[in-house]
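In what follows, a structure is listed as structure tokens, so that the remarks can point back to it.
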Amino acid sequence: MKPYAYVRAATLDEATAAYAGHSGAHYLGGGTNLVDLMKLGVTAPDALVDISRLPLDGIELRPDGALRIGATARNSDIAAHPVVRDRWPVLSQALLAGASGQLRNIATAGGNLLQRTRCPFFQDTAKPCNKRRPGSGCAAREGSHRDHAVLGHSPHCIATHPSDMAVALAALDATVELHGTGGERSVPAAEFHRLPGDRPEQDTVLRPGELITAIVLPPHSAGLPSAYRKARDRASYAFALASVAALVEVQDGLVRRSALAFGALAHRPWRAHRAEEALRGVEPTRAAVERAVDAELASAEPLRDNAYKVPLARNLACEVLTRLAGPR
Amino acid sequence: MRHTTAASAAAPRTGHRAPPPSQSPDGPALGASVERREGHEKVRGTARYAAEYHPHGRVYAWPVPATVSRGRVVRVDDAEALDLPGVLAVLTPDTAPRLGDAGDAVLRVLQDDRVPHRGWYVALVVAETLEAARAAAAAVHVDYETEPHDAALTADHPDAYIPESVNGGYPAVRERGDPDAAFEAAQVRVDTGYRVPPEHNQPMEPHAATAEWHGDRLTLHDSDQGASAVGAALAALFELPEDHVTVVAEHVGGGFGSKGTPRPHAVLAAMAARQVGRPVTLALPRRHLPAIVGHRPPTLHRIRLGADRGGRLTSLVHEITTQTSRVKEFVEQAATPGRTMYGCEHSRTVHRAVPLDVPTPSWMRAPGVAPGMYALESAMDELAGTLGLDPIELRVRNDTDREPDSDRPFSSRHLVDCLREGADRFGWAGRDPRPGSDRRGALLIGTGVASALYPVHFQPSLATAHALPDGSHVVRVAAADIGTGSRTVLAQIAADALGVPLDRVRAEVGSSALPTAPLAGGSSGTASWGTAVHEACTALAGRLAEHRGPLPPEGLRETADTSDAADRGAGYARDAFGAHFAEVQVDTDSGEVRIRRLLGVFAAGHVLNARTARSQFLGGMTMGAGMALMEGSTMEPSFGDFTETDLALYHVPSHADIADIEAHWIDEEDAHLNPMGSKGIGEIGIVGTAAAVGNAVHHATGVRYRELPLTPDRILAGLSGAVAAAS
């Protein structure tokens with residue numbers, strides 16, 4: 001096999017230094033996706049910087065009410081965390097809707113965000129894919145694309161991001177904390193992933209060498225009615241055909257605030273600002289909810305075989321929003 | 001006839017067969033609920049599979065699949081691969097050893113430059129480690145001369161032809177009476193069509209072999225459904241006497257038909273081991289399986305049913321179109337069930353095949369019968385709806401005691417009993433037949449029923465029975481235990497025939513060095529091997545009864561060969577029957593279908609081991625549920641291969657997909673089968689399941705879906721069409 005360097009980092013700075021010191025380095029977390037991609041020949045790192053033993057697996061409630069989830073916290077630990085379950089249930093539900101028990105036990109929070117698309121053409125090195133080999137073309141556009149994007153895709157790429165967790169984070173106004181050689185910064189979770197445009201090889205806004213250190217859930221999204229709903233081909237262990245993460249705050253019969261994000265519709269979790277805007281201050285009747293969701297999905301551009309995703313996403317969003325806004 | 005339930009399956013059977021020479025004090029072993037003999041080993045992970053044998057110096061092979069859809073290999077550049085550390089050899093169509101003829105074109109790997117379909121192997125790398133072999137395979141550069149290809153199956157394809165016969169040796173066309181005129185004249189008519197996509201066996205253990213040569217003798221640890229056949233094929237290919245090849249398949253992690261014929265992995269492993277002079281393991285990557293180990297080809301069905309107002313069929317026409325490859329002809333026998341299922345004076349059943357530049361289809365659990373019965377039993381449901389007749393009653397009215405196609409009487413047929421027993425257990429009575437009548441919030445609930453069928457097959461086998469001086473017994477037969485429990489049931493058969501307790505019998509299976517035996521396939525294994533075991537043990541029991549004094553040190557041994565055995569079934573049609581009942585919920589928001597209850601009742605002769613039989617029925621039903629709801633792949637016309645090649649994309653059911661599942665059976669007495677009185681049970685569980693689920697979805701929604709699988713995209717499209725039609 002292609003030899004690669006393996007570095008186990010003990011500190012953050014060691015990790016970023018090791019990354020900087022090796023061209024073609026990748027960070028290794030739980031490895032549930034990266035190792036698969038290495039076996040498939042999709043990714044061929046020259047070095048793996050193992051960050052799984054960095055002290056980044058804590059889940060800590062801050063005095064200001066924010067929850068800081070370390071980047072190497074395991075998906076199963078986050079999902080089971082009592083504070084998550086109590087204050088941000090949509091995140092726990094999203095995590096439990098993803099993968100299998102075995103995978104959740106090993107997959108990290110940071111790795112979940114950085115997993116690659118499951119587009120079959122991305123995973124088959126004998127076929128064109130602009131994300132894997134820029135300029136080679138997109139086999140999915142004319143090929144099998146039932147599972148692909150209906151929002152925000154480009155002529156270069158119609159892949160979706162597969163994470164369930166990221167959809168919940170987008171709805172929760174979570175931020176992603178990053179550590180790089182240039183220092184620390186944080187990025188809203190909803191803006192962490194990119195739309196493909198003409199650079200589909202670039203999944204996220206991460207700069208070279210930057211490391212996710214934590215995900216922070218803000219206090220303002222805590223304790224509100226929230227839920228995740230996912231439609232899929234089988235009841236467990238399948239990627240979403242469409243999913244929604246939502247939270248709704250109703251005061252005096254009117255929507256004070258809502259947040260809605262779609263999964264499996266785009267190259268990134270799709271925060272539905274237009275729908276949220278349409279719901280603000282209105283009575284959450286079924287008709288009002290439908291109008292709001294339709295306003296968001298009006299920009300959908302389905303392909304030959306995935307038009308079903310638009311009514312599917314609409315149905316899921318209307319059901320979840322109506323449920324959350326209803327009497328409690 | 002006796003009714004046995006899964007819950008009380010351990011109950012002793014009635015003694016309706018000839019008693020063994022002397023009865024074991026524990027009662028007969030056959031019919032009891034007996035644990036699998038290798039179960040503990042498997043659970044503990046100590047059972048060794050083909051890739052887990054590591055003879056000294058063992059190295060690894062990794063194949064290189066073609067990346068064009070049709071054409072020729074012009075050049076294989078292996079320089080870069082050979083330069084990689086640990087790489088021992090690259091076999092190409094130019095350099096690979098020449099093979100003899102085993103009568104199966106898919107085994108002629110690396111023999112010429114032809115690329116008949118994408119994924120066909122064009123080279124094989126051998127290296128010191130698995131990782132090195134895989135990396136080197138990626139570094140083999142192949143130049144091709146491509147040719148235009150065609151991988152798109154259509155019902156009106158200009159190349160469609162009617163073959164001489166279809167899989168199983170059945171005639172491609174059968175016609176009785178004047179089905180067209182009878183259809184035109186029928187008081188009630190259903191003219192409908194169904195589509196079943198390509199499906200893949202996807203056994204848990206991918207195909208694997210470890211090959212080792214000692215001079216011109218080959219030992220191959222293999223994952224297959226029949227060691228004798230693999231041994232014979234390898235002997236032919238390598239032009240060796242058959243006794244120079246030993247194929248061992250002690251434990252096999254499933255096959256579902258895909259390991260029923262010898263497969264290229266076994267040939268390549270043996271070839272590579274000979275080339276490098278070291279033992280070689282080749283475990284096929286999961287992603288290669290769809291192109292290399294066969295698939296259930298897609299079937300396009302047209303069915304016309306004519307009936308009188310009382311629901312009696314007057315015309316049954318079932319015509320299917322399917323695909324075959326250009327490597328060899330394989331035609332899924334999907335129109336055959338109509339020849340057996342229901343009494344009907346006028347009938348035509350036709351198979352058409354379209355040769356395409358696609359991987360070669362092959363056997364998958366209940367070949368032909370599973371997709372054929374999906375279509376036929378869905379059409380019967382449509383007919384029941386058109387008649388306003390209960391779908392069980394429709395089937396009862398068309399029951400027959402003679403097989404319509406052959407006019408032979410059935411040796412036993414308890415279809416109606418299965419339907420009635422299932423209806424009782426399921427709570428069918430009082431069902432509101434109106435589609436869409438049970439709405440609970442966003443959920444629509446519905447129930448459906450379908451019949452099941454699987455023919456009885458039997459193949460000749462050898463077996464030996466050996467009595468040892470310590471009072472124990474060994475039966476030997478080159479049977480395959482692919483997880484079904486054949487090792488266990490053969491010991492049960494032997495124990496009863498010998499009249500000794502089960503723990504005094506050992507069964508040795510899974511090696512071509514044992515007495516030659518047919519494969520585990522066609523639900524015929526237990527009947528075929530078991531008859532030989534029974535005969536050998538009966539003969540041995542006779543000798544033991546006459547023997548006076550202690551046994552000689554080498555014991556006593558008897559061999560049976562059933563090649564010339566009289567056919568007990570001569571003059572009879574022999575089939576197992578059953579009935580499936582499904583209750584589904586359809587989520588009108590998400591389009592998701594979940595099975596709330598699945599219940600099967602089967603009449604398959606005498607059930608020999610209640611525990612393993614239940615596993616077979618439940619496993620078949622689960623696979624049928626997968627066929628209904630999620631299994632299927634896409635033949636990508638531009639590439640000529642299947643898109644869904646891993647288990648993340650090719651979905652098989654999870655536990656959460658079926659809330660409740662039950663299998664029951666009606667024990668039949670049938671003297672026209674074999675000494676055990678058994679019919680096969682490995683496949684009938686998958687037959688009809690998808691129709692029962694689809695019929696339940698129709699009952700839930702009022703929408704007749706005619707293409708599998710019933711995934712949310714299709715469900716939503718159908719529901720919106722129904723709304724559109726209603727408004």
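The figures here come from the full heavy-atom set of this structure, side chains too, leaving out hydrogens, waters and symmetry mates. Chain letters run A, B, ... following the sequence lines, proteins first and then strands; every chain starts at 1.
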[X] versus chain A, heavy atoms under 4.5 Å apart: side chain, backbone, both or neither?
X: Leu84(B); answer: neither
X: Thr588(B); answer: backbone
X: Val652(B); answer: both

Inset, instruction - Tell me, for Leu241(A) versus chain B, whether the close heavy atoms (under 4.5 Å) come from the side chain, the backbone, both or neither. - result: side chain
Is it true that [Y] and [X] share a donor-acceptor pair across their side chains at a distance under 3.5 Å?
X: Ser69(B); Y: Asp357(B); result: no
X: Glu644(B); Y: Thr634(B); result: yes
X: Asn306(A); Y: Asp147(A); result: no

Legend entry - Stepwise side chain to side chain donor-acceptor pair (under 3.5 Å) test for Ser144(A) and Glu636(B): CA-CA 7 Å; Ser144(A) 299; Glu636(B) 195 78 62; 2.7 Å; yes
Inset, instruction - Determine the option with the most heavy-atom pairs under 4.5 angstrom with chain B, choosing from Lys309(A), Arg314(A), Glu319(A), Arg232(A). - result: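 Top count of heavy-atom pairs under 4.5 Å with chain B: Arg232(A).
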Legend entry - Max heavy-atom pair count under 4.5 Å with chain A, selected residue of Met630(B), Arg714(B), His651(B):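 Top count of heavy-atom pairs under 4.5 Å with chain A: His651(B).
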Inset, instruction - Report the option among Leu710(B), Leu647(B), Thr643(B), Ile658(B) that has the most heavy-atom pairs separated by less than 4.5 Å from atoms of chain A. - result: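 Among the listed options, the one with the most contacts to chain A is Thr643(B).
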Legend entry - Whether Arg304(A) side chain and Gly143(A) backbone form a donor-acceptor pair below 3.5 Å: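 Present.
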Inset, instruction - Determine whether the aromatic ring centres of Tyr4(A) and His22(A) lie less than 6.0 Å apart. - result: no
